[in-house]
Amino acid sequence: MGRDTIADTITSIRNADMAKKGTVRIEYNNSTENIIQILLDEGFIENVRKHWEGKKKILVLTLRHRRNRKETNTDRSNLNLKRISRPGLRIYSNYKKMPRILGGMGIVILSTSRGIMTDRQARLEKIGGEILCYIW
C-alpha cells in the first residue's frame, strides 16, 4: 500500500501549528514543493528552506504565528488544513462548481492538467481538476 505524501505533509503542518512549533521538517517531492509554494505565496507560512540530509532532500518550513494571540480554553489553531481527495476516493470539480471556502477567504488547492494551483487561478484559466485540500 502506497503512502499519501500530501496527507502526510498537511498533517505535519497542522500538528506543528497546534503544538505551536516554529518549524516543520518535511520530506521533499514535487507535489509537496508545489503545495508549500502556494502556502508561502498565500501567506500561511513565513519561509521555506531546502537542504540535504544524507541522500534525502528535506524542506524546513517556518510557520507563521500571531505574536499577540490570546490564549483561550479551546486552543483553536490559526491554520486549518483539510485533505479532501484521497487515494481511496478522488474528488474532482470543474471551474464553475468549485467550492468557495469561507466566502473566498480560504483557498482550495487543485491538481489540474497545468499543475497544482489555487482555486482562484483555476477559475481565471477556466480549468477544473482534483481537489487536494482546503486551507483557511
Side-chain angles (χ1 to χ4, degrees):
M1 194 149 117
R3 280 186 25 187
D4 187 6
T5 57
I6 296 171
D8 292 344
T9 300
I10 290 171
T11 302
S12 297
I13 295 170
R14 186 183 323 114
N15 288 344
D17 185 57
M18 288 191 313
K20 298 181 179 114
K21 299 285 184 186
T23 60
V24 183
R25 296 163 39 97
I26 296 173
E27 198 170 320
Y28 174 88
N29 67 30
N30 288 334
S31 60
T32 300
E33 183 184 30
N34 291 334
I35 291 172
I36 289 172
Q37 187 60 45
I38 289 173
L39 291 174
L40 184 65
D41 293 342
E42 295 287 330
F44 288 105
I45 59 176
E46 280 186 18
N47 190 13
V48 179
R49 293 187 321 266
K50 298 177 193 173
H51 67 85
W52 290 89
E53 283 186 2
K55 293 184 179 182
K56 291 185 179 181
K57 198 171 192 181
I58 302 292
L59 296 173
V60 179
L61 312 178
T62 304
L63 297 179
R64 184 175 161 202
H65 291 288
R66 295 182 190 161
R67 296 206 176 15
N68 297 327
R69 195 165 114 190
K70 294 181 182 177
E71 293 296 322
T72 61
N73 293 336
T74 57
D75 285 333
R76 297 283 302 189
S77 132
N78 59 342
L79 180 62
N80 295 303
L81 298 114
K82 185 176 181 185
R83 176 79 157 121
I84 302 302
S85 185
R86 51 192 173 88
L89 179 65
R90 303 289 186 183
I91 307 293
Y92 297 94
S93 176
N94 62 11
Y95 75 95
K96 292 178 183 175
K97 295 184 180 179
M98 204 169 301
R100 293 186 188 272
I101 307 303
L102 294 177
M105 297 290 289
I107 61 171
V108 177
I109 296 181
L110 299 159
S111 176
T112 67
S113 59
R114 296 184 191 157
I116 295 177
M117 61 179 66
T118 65
D119 57 333
R120 292 182 203 112
Q121 293 169 333
R123 282 190 190 98
L124 288 174
E125 294 185 21
K126 295 188 178 182
I127 56 174
E130 180 183 354
I131 299 175
L132 297 177
C133 60
Y134 296 158
I135 303 168
W136 70 96

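Quick note: numbers below take in every heavy atom, side chains included, and nothing from hydrogens, waters or symmetry partners.
- When side chains are defined from C-beta on, Glu42 counts as touching Arg120, because their heavy atoms get closer than 4.5 Å.
- Checked by atom type and distance alone, the side chain of Thr32 never pairs as donor or acceptor with a backbone atom of Tyr28 at under 3.5 Å.
- Tyr92 and Leu89 are assigned to two separate hydrophobic clusters, defined by single-linkage of ILVMFWY side chains at heavy-atom distances under 4.5 Å.
- Listed for the Arg90 side chain is no donor-acceptor partner under 3.5 Å among the backbone atoms of Glu130.
- Under the 4.5 Å side-chain contact rule for hydrophobic residues, Trp52 and Val24 do not share a cluster.
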Show me the donor-acceptor pairs, under 3.5 Å and distance only, between side chains in residues 107-118 and residues at least two apart or in other chains.
residue	atom	partner	partner atom	Å
Thr112	OG1	Arg114	N	3.2
Thr112	OG1	Gly115	N	3.4
Thr112	OG1	Gly115	O	2.7
Arg114	NH1	Glu125	OE1	2.9
Thr118	OG1	Gln121	N	3.4

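- Of the possible polar contacts, one joining the Arg83 side chain to the Ser85 backbone as a donor-acceptor pair under 3.5 Å is found.
- Residues Asp41 and Gln37 are in side-chain contact: their nearest non-hydrogen atoms beyond the backbone lie under 4.5 Å apart.
- Note: Met18 CE to Leu79 CG = 10.5 Å, rounded to the nearest 0.5 Å.
- Of the possible donor and acceptor atoms, one in the side chain of Asn34 sits under 3.5 Å from a partner among the backbone N and O of Asn30.
- Counting heavy atoms from C-beta on, the side chains of Leu39 and Ile13 come closer than 4.5 Å.
- The local environment of CZ in Arg100 is sparse, with at most 12 non-hydrogen atoms from other residues, nucleotides or ligands closer than 6.0 Å.
- Under a cut-off of 6.0 angstrom, the local environment of NZ in Lys82 is sparse, with at most 12 non-hydrogen atoms contributed by other residues, nucleotides or ligands.
- Counting only distance, with no hydrogens or angles, the side chain of Arg123 and the backbone of Met98 share a donor-acceptor pair below 3.5 Å.
- Placement of Val60 and Leu40 in two distinct hydrophobic clusters is found when ILVMFWY residues are connected by side-chain heavy-atom separations under 4.5 Å, directly or transitively.
- With rounding to the nearest 0.5 Å, the separation of CG in Leu102 from OH in Tyr134 is 11.5 Å.
- In this structure, Leu132 CG and Ile6 CD1 are separated by 4.5 Å, a value rounded to the nearest 0.5 Å.
- Here the CD atom belonging to Glu27 is positioned 9.0 Å from the OG1 atom belonging to Thr9, to the nearest 0.5 angstrom.
- When each of Asp4, Asn15, Leu81, Ile135 is checked for a side chain to side chain contact (heavy atoms under 4.5 Å, CB included) with Ile10, only Leu81 meets the rule.
- Within the model, atoms CD1 of Ile35 and CD1 of Ile26 stand 9.5 Å from one another, a figure rounded to the nearest 0.5 Å.
- If you take CG on Leu59 and CD1 on Ile36, they are separated by 5.0 Å, rounding to the nearest 0.5 Å.
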